[in-house]
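What follows is a short report on a single structure.
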Amino acid sequence: MDLPQITCSKDVYDLVYPSWIIDIDHRESFKILLLSRANRVLGISNMFTGGLSGVVVDPKLIFQTALKCNSSSIVLMHNHPSGNLVASDADFKITKKIVEIGKILDLPVLDHIIFTSESFYSLADKGEM
C-alpha cells in the first residue's frame, strides 16, 4: 500500500480536511499528523478536544504518541471554530514549546496548521515557527 506523501501544507489540508469537516465548526480540537522519514503519512491522531474557544494541549502526550508510532516528524493541527485564521498568542506559545521539545528528541515539528471550515493557515509557510 502506498502511503500518502506530504510535500507542503496544502497536502496536509487536502488529506485531513475531509475527515474533520463534520466537527470543525463545533468545538476546538488538536490533532497530529505522524510522518515517516520520507514524509509518508503513518497516521493521524486526534489528541485533544476542547470547547468553542480553546483546547488544552499536553506536549508529553503528543510525543508519547509520536514515539510509540515510530514517527520521524510530526505536523501539529488544530481548528478555530470561529472561522478566524489568525494564530493567537497561545497558539504561538504552545507551538514554540512543542518545537523545542521536538529538537531535544530529534523528532522535528514541521508545521502547525490552523483549520477552519473555509481555509487553513500554516505557521511554517508564514515563517512563524
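Residue numbers run from 1 in the order of the sequence given. These numbers come from a predicted model, not from an experiment. Below, all heavy atoms of this structure are taken into account, side chains as well, without hydrogens, waters or symmetry copies.
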Would you tabulate the side-chain donor-acceptor contacts of residues 48-58 under 3.5 Å, counting partners in other chains and residues two or more places apart, or write 'none'?
unit_1 : atom_1 : unit_2 : atom_2 : d
D58    : OD1    : K60    : N      : 3.0
D58    : OD1    : K60    : NZ     : 3.2

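- Nearest heavy-atom pair, I62 versus I32, reported as atom, atom and distance to 0.1 Å: O-CD1, 3.8 Å.
- Between the CG atom of L35 and the SG atom of C69 there is a distance of 11.5 Å, given to the nearest 0.5 Å.
- Summarising the geometry of N79 relative to S29, their closest heavy-atom pair is OD1-N, 2.6 Å, with the distance given to 0.1 Å.
- Residue pairs that meet the salt bridge (Lys or Arg N to Asp or Glu O under 4.0 Å) test with at least one member in residues 18-44, sequence neighbours left out, do not exist here.
- Side-chain contact between H80 and L85 is absent, with no heavy atoms from C-beta onward closer than 4.5 Å.
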Show your working on side-chain contact (heavy atoms from CB on, under 4.5 Å) between I114 and L123 and close with a plain yes or no. CA-CA 8 Å; I114 299 169; L123 273 69; 4.2 Å; yes
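- Annotation: side chain of M77 is in contact with side chain of I44 (closest heavy-atom distance under 4.5 Å).
- In terms of heavy-atom proximity, Y13 sits nearest to S119 at CE1-O, 3.6 Å.
- Atom-to-atom distance recorded for F30:CZ and L61:CG is 11.5 Å, nearest 0.5 angstrom.
- By the rule that hydrophobic residues join a cluster once side-chain heavy atoms approach within less than 4.5 Å of another member, V109 and V16 end up as members of separate clusters.
- In this structure, the side chains of H112 and V75 stay at 4.5 Å or more apart for every pair of heavy atoms.
- For the pair I74/L34, a side-chain contact is recorded, criterion being any heavy-atom separation below 4.5 Å from C-beta on.
- Under a hydrophobic clustering in which Ile, Leu, Val, Met, Phe, Trp and Tyr are joined whenever their side-chain heavy atoms come within less than 4.5 Å, directly or via other members, I98 and L42 fall into the same cluster.
- A heavy-atom distance below 4.5 Å is not found between the side chains of V99 and P108.
- A 4.5 Å side-chain heavy-atom check between Y121 and K126 finds at least one atom pair inside the cut-off.
- No side-chain donor-acceptor contact under 3.5 Å links E118 to the backbone of G83.
- Between P18 and I21, the shortest heavy-atom distance links the atoms O-CG2, 3.3 Å.
- Remark: the D111 side chain and the S9 side chain contain no N/O donor-acceptor pair separated by less than 3.5 Å.
- The pair K97-E100 fails the salt-bridge criterion, with no side-chain N (NZ, NE, NH1 or NH2) lying under 4.0 Å from an Asp/Glu carboxylate O.
- Transitive grouping of hydrophobic side chains (ILVMFWY, heavy atoms separated by less than 4.5 Å) keeps L3 and L15 in distinct clusters.
- Listed by first then second residue, pairs satisfying salt bridge (Lys or Arg N to Asp or Glu O under 4.0 Å) with a partner in residues 78-96 number zero, not counting sequence neighbours.
- Contact check for T116 versus I24: no side-chain heavy atoms found under the 4.5 Å cut-off.
- Taken to the nearest 0.5 Å, the CG atom of D106 stands 9.0 Å off from the OG atom of S72.
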side-chain contact (heavy atoms from CB on, under 4.5 Å) evaluation trace for E128 with F92: CA-CA 8 Å; E128 297 175 334; F92 288 119; 3.6 Å; yes
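- Using modelled atom types, one side-chain atom of Y17 and one backbone atom of S117 make a donor-acceptor pair closer than 3.5 Å.
- To the nearest 0.5 Å, atoms CG (L76) and OG1 (T95) are separated by 6.0 Å.
- Here the CG atom belonging to L110 is positioned 5.5 Å from the CG atom belonging to N39, to the nearest 0.5 angstrom.
- The shortest non-hydrogen separation linking S45 to T65 is OG-CG2, 3.7 Å.
- Atom CG of L33 is separated from atom CD1 of I6 by 5.5 Å, given to the nearest 0.5 angstrom.
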